[in-house]
Amino acid sequence: MADTWEALQSECETCRECSLWETRKNVVFGVGSRDAEVLFIGEGPGANEDEQGEPFVGRAGKLLDDMLAIIGLERGKVYIANIVKCRPPQNRDPLGVEQDACIGYLRRQVALLRPKIIVCLGRIAAMKIIKDDFKITREHGQWFERAGVQMTAVYHPAALLRDPRRRPEAFDDFKALQAKIRELCDHTEVS
Ligand code: URA
């Protein structure tokens with residue numbers, strides 16, 4: 001039977017495939033247009049996201065919104081998801097077993113969405129999605145093609161909050177994303 005967003009979301013919301021279900025308040029499934037041509041992937045929910053059930057709603061999310069605004073891209077026109085859908089305690093990196101338990105949900109989201117462009121937010125997502133030895137300081141902003149999908153990684157907004165000296169590089173990466181959207185997308189508006 002063909003997969004549906006509704007089936008996927010309800011499976012995800014009752015998931016107990018790894019131990020993160022024990023401490024979660026909410027499953028953070030993903031948000032945005034199910035018609036989006038651009039998919040952003042973070043690593044996993046933090047405290048605010050766990051509280052609200054929505055990705056990138058805390059300080060890092062506000063910075064992501066600002067970066068999107070710089071290139072005239074509306075948050076509601078893209079899709080935003082994470083590698084793991086439940087909050088790792090103390091905001092630690094998601095463990096390999098947790099990523100492996102959860103990645104099937106993201107793969108199904110990608111299959112339903114069929115994005116033209118995938119933007120990994122930070123090292124963890126880039127290592128899971130682009131290649132396992134991805135070096136964010138060296139390879140952010142580079143483009144990779146996988147099965148007809150253009151992929152890139154940018155610094156995680158939380159990393160930009162910690163180290164604002166990286167912001168000019170992130171700005172350049174978002175400008176390159178804007179150009180790629182103009183080149184490849186049919187209905188995703190940028191400024
Ligand atoms: N950081 C992430 O990687 N994902 C979120 O949803 C929020 C913060």
Side-chain angles (χ1 to χ4, degrees), residues 28 30-32 36-46 49 55-73 75 77-85 88 91-96 98-100 102-111 113-185 188 190:
V28 180
V31 74
E37 295 169 300
V38 185
L39 168 63
F40 287 84
I41 303 176
E43 62 184 68
E49 291 75 22
F56 286 98
V57 290
R59 278 182 70 220
K62 172 77 180 57
L63 183 54
L64 176 61
D65 290 346
D66 291 346
M67 301 298 283
L68 295 178
I70 284 172
I71 61 167
L73 185 54
R75 182 179 167 111
K77 298 271 167 68
V78 302
Y79 198 86
I80 306 175
N82 280 305
I83 299 287
V84 299
K85 312 298 196 214
N91 299 336
R92 63 161 170 73
D93 291 348
L95 304 175
E98 294 160 352
Q99 295 185 37
D100 291 343
C102 211
I103 196 70
Y105 295 122
L106 182 63
R107 293 203 192 292
R108 287 167 64 189
Q109 285 173 307
V110 171
L113 197 63
R114 307 211 303 119
K116 293 199 160 76
I117 295 173
I118 293 180
V119 182
C120 297
L121 296 166
R123 175 182 67 91
I124 301 275
M127 289 172 70
K128 196 70 184 168
I129 302 297
I130 300 177
K131 53 178 182 159
D132 59 12
D133 62 349
F134 195 93
K135 296 280 179 290
I136 193 77
T137 45
R138 250 203 338 256
E139 295 177 292
H140 70 89
Q142 292 183 20
W143 289 88
F144 300 80
E145 197 243 278
R146 298 269 188 287
V149 181
Q150 289 294 323
M151 300 188 179
T152 191
V154 298
Y155 283 122
H156 194 288
L160 297 174
L161 289 171
R162 281 194 302 273
D163 186 359
R165 288 169 305 178
R166 291 178 176 176
R167 287 191 192 198
E169 290 169 81
F171 178 78
D172 289 346
D173 294 346
F174 271 78
K175 293 303 282 183
L177 170 63
Q178 180 186 46
K180 197 64 114 181
I181 290 172
R182 284 203 194 107
E183 181 192 329
L184 295 181
C185 294
T188 306
V190 286

Does some side-chain heavy atom of [Y] sit less than 4.5 Å from a side-chain heavy atom of [X]?
X	Y	answer
Asn82	Ile41	no
Val84	Gln99	yes
Thr137	Arg123	no
Arg108	Leu113	no
Val190	Leu177	no
Lys85	Gln109	yes
Thr188	Ile117	no
Cys120	Ile130	yes

Next item on the list: Mind running side chain to side chain contact (heavy atoms under 4.5 Å, CB included) on Leu39 and Val149 for me, showing each step along the way?
Entry: CA-CA 11 Å; Leu39 168 63; Val149 181; over 6 Å; no
I need the minimum non-hydrogen distance between [X] and [Y], along with the two atoms involved.
X	Y	result
Leu63	Pro157	CD2-O, 3.5 Å
Phe134	Ala153	CZ-CB, 3.6 Å
Pro55	Arg75	O-NH2, 2.7 Å

If you measure from [atom1] on [X] to [atom2] on [Y], what distance do you get to the nearest 0.5 Å?
X	Y	atom1	atom2	value
Asp173	Met67	CG	CE	8.0 Å
His156	Arg162	NE2	CZ	8.5 Å
Ile129	Thr152	CD1	OG1	13.0 Å
Leu73	Asp65	CG	CG	10.5 Å
Trp143	Lys180	CH2	NZ	6.0 Å
Ile118	Met151	CD1	CE	4.0 Å

According to side chain to side chain contact (heavy atoms under 4.5 Å, CB included), who are the partners of [X], at least two apart in sequence or on a separate chain?
X	result
Gln142	Glu139, Phe144
Asp100	Lys128
Glu49	Val28, Pro45, Val57

Return yes when atom [atom1] of [X] has more than 12 non-hydrogen atoms of other residues, nucleotides or ligands closer than 6.0 Å, and no otherwise.
X	atom1	answer
Arg59	CZ	no
Arg114	CZ	no
Lys62	NZ	no
Arg92	CZ	yes

Next item on the list: Report the residue from Val31, Ile181, Val119, Val38 that forms a side chain to side chain contact (heavy atoms under 4.5 Å, CB included) with Val78.
Entry: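 Among Val31, Ile181, Val119, Val38, the one meeting side chain to side chain contact (heavy atoms under 4.5 Å, CB included) with Val78 is Val38.
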Note to self: Can you tell me how the ring of Phe40 sits relative to the ring of Phe174, calling it parallel under 30°, perpendicular over 60° and tilted otherwise?
What the structure shows: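 Answer is parallel, since the angle falls under 30°.
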